[in-house]
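Written below as structure tokens is the structure these notes are about.
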Amino acid sequence: MALKNDCFALPAGVKWTPVSEALADLRGRLTPVTGVETVPLVNAQGRILAADITSPVSLPPADNSAVDGYALAHASLHPEGEQTMTLLDGRAAAGSPFAARVPMGHAVRILTGGVMPQDTDTVVMDEDVDIDDHAIRFGSGLKAGANRRLAGEDVAAGDTLLTAGVRLGPAQLAHAAAVGLTVMPIHKPLRVAVLSTGDELAQPGEALEAGQIYDANRPMLLALARAQGVEVLDAGQIPDRPDAIVAALRDAAIAADAVVVSGGASGGDEDHVSRELAKMGAMALWRVAMKPGRPLALGQIGGVPIFGLPGNPVAAFVCFLIFARPALLRLAGAEWPETVSYPLTARFHAKKKPGRTEYLRGRADGQGGVDKYRSDGSGLIGGLTWSNGLVALDHERDAVEPGETVTFMPYSAMGIL
Ligand code: AMP
Ligand code: MG
């Protein structure tokens, strides 16, 4: 299902949109675009569920014991004092139930996972019991239903087990396997093409000529995208020539479901990406009030969204995580991800302009504090390797003093190292 032609159109004007507004806006315009396939459960790890799953059975299917001990009827206990119960022959173990009833005043051996025998509702655990040949003794105070797991307490037959849009991790696969499912309906992988623009770019392995730099963004963006579970396509490097850019973007939009391109987005002399996208129609420069990140160029070609990111590696990295990541996940069929963040104590000073959100490269120290990289320059890749997350300084904030609370967004919560 392609996006509408005008899906990224913004009202005219020069207003700088707050990050939260821009994200809400983007969220409202995107829907899943990938098809659905059914795969064996064991192959579904990391994939995005395409339909709600209801449970065909209750889990657990029957009342059972949470411990090793003795099953009995709570109603047969004395209100106080030491309890003595006659022990029946036989036992209930996981996979082999006790076939007979358990009369009042009697108990039967039960192991963890064993189905509660008929007429029992409570288990006294091994550690609390003295045993001789044919009787068990234990103290008072055992609660009715103790150490018993109830049928259906994890999920009842017919309940929704997993909802469309969740990423299938180990826990979700365990839940699906536990109710006997063998296959899962999942979204086909989103194909994301990544390309770089810039006449100055050389490829690793080539000798640098005067004025050249190596292309750092393409490996970075390929890795960022791959880490979100999408299928990536390396669409190469394009020179700063309108015809070359148009041809490369067109090809990428045919080969992929979404395109991520870095450089040339901001409207300068050699910034052909935004200009050519604008000529093709339905391109919007999103003037987002954030740093780093100049205008984000969002366009589409034949319903395929194009994310035009800044050329500076740090800005491309941040813009990818803040905008492209949730957008790609949504296109891939996932729920829009709410970024996990938490408050930490700043161990640094920072000045900031109110009226925009700033993302600093931060390093959480594991003791409740966070430091920032020595320089804010958005070309310095060293700040990315040094950091383990972003410090987000919100829109209205004007400065940070050591000891103040700041918001930290760990990279690990955004799927990357
Ligand atoms: P641009 O957005 O194209 O004006 O680029 C902004 C800055 O980022 C310039 O200094 C570019 O040389 C640099 N840059 C652009 N693309 C890349 C890339 N793929 N790898 C490393 N630096 C880049
Ligand atoms: Mg450029």
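Each ligand, and each atom within it, is numbered from 1 in the order the structure gives.
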Suppose we call two aromatic rings close when their centres sit under 6.0 Å apart. Are Phe317 and Tyr411 close by that rule? yes

Applied to residues 241-263, the side-chain hydrogen bond (donor to acceptor under 3.5 Å, both in side chains) test, sequence neighbours excluded, yields Arg191-Asp257, Asn217-Ser262, Arg241-Asp243

I want to check a possible cation-pi pair here: Arg109 against Tyr70, using under 6.0 Å from ring centre and within 45° of the ring axis as the test. yes

Do any pairs count as a ring pair (Phe, Tyr, Trp, His ring centres under 6.0 Å) and have a residue in residues 363-383, sequence neighbours left out, and if so which ones? Tyr373-Trp386

Where ligand 1 meets Ile213 - atom numbers and elements under 4.0 angstrom, heavy-atom basis: 12 (O), 21 (C), 22 (N), 23 (C)

Checking heavy-atom distances from atom 3 (O) of ligand 1 to each of Gly311, Gly264, Pro310, the winner is Gly264

Under 4.0 Å between a side-chain nitrogen and a carboxylate oxygen: does that hold for Glu358 and Lys351? no

I'd like the name of whichever of Met220, Gln212, Glu200 reaches closest to atom 9 (C) of ligand 1 through any heavy atom. Glu200

Just to check, does Gly198 reach to within less than 4.0 Å of ligand 1 when the distance is taken from its heavy atoms? no

Can you confirm whether the side chains of Arg325 and Gln228 place a donor and an acceptor under 3.5 Å from each other? yes

Number the atoms of ligand 1 from 1 as they appear, then name those within less than 4.0 Å of a heavy atom of Tyr214, with their elements. 20 (N), 21 (C)

Nitrogen or oxygen atoms of Gly263 and ligand 1 under 3.5 Å apart: no

So, 4.0 Å and heavy atoms of Arg218: is ligand 1 close enough to count as a contact? no

Just jot down the ligand 1 atoms closer than 4.0 angstrom to any heavy atom of Asn312, in number order. 6 (C), 7 (C), 8 (O)

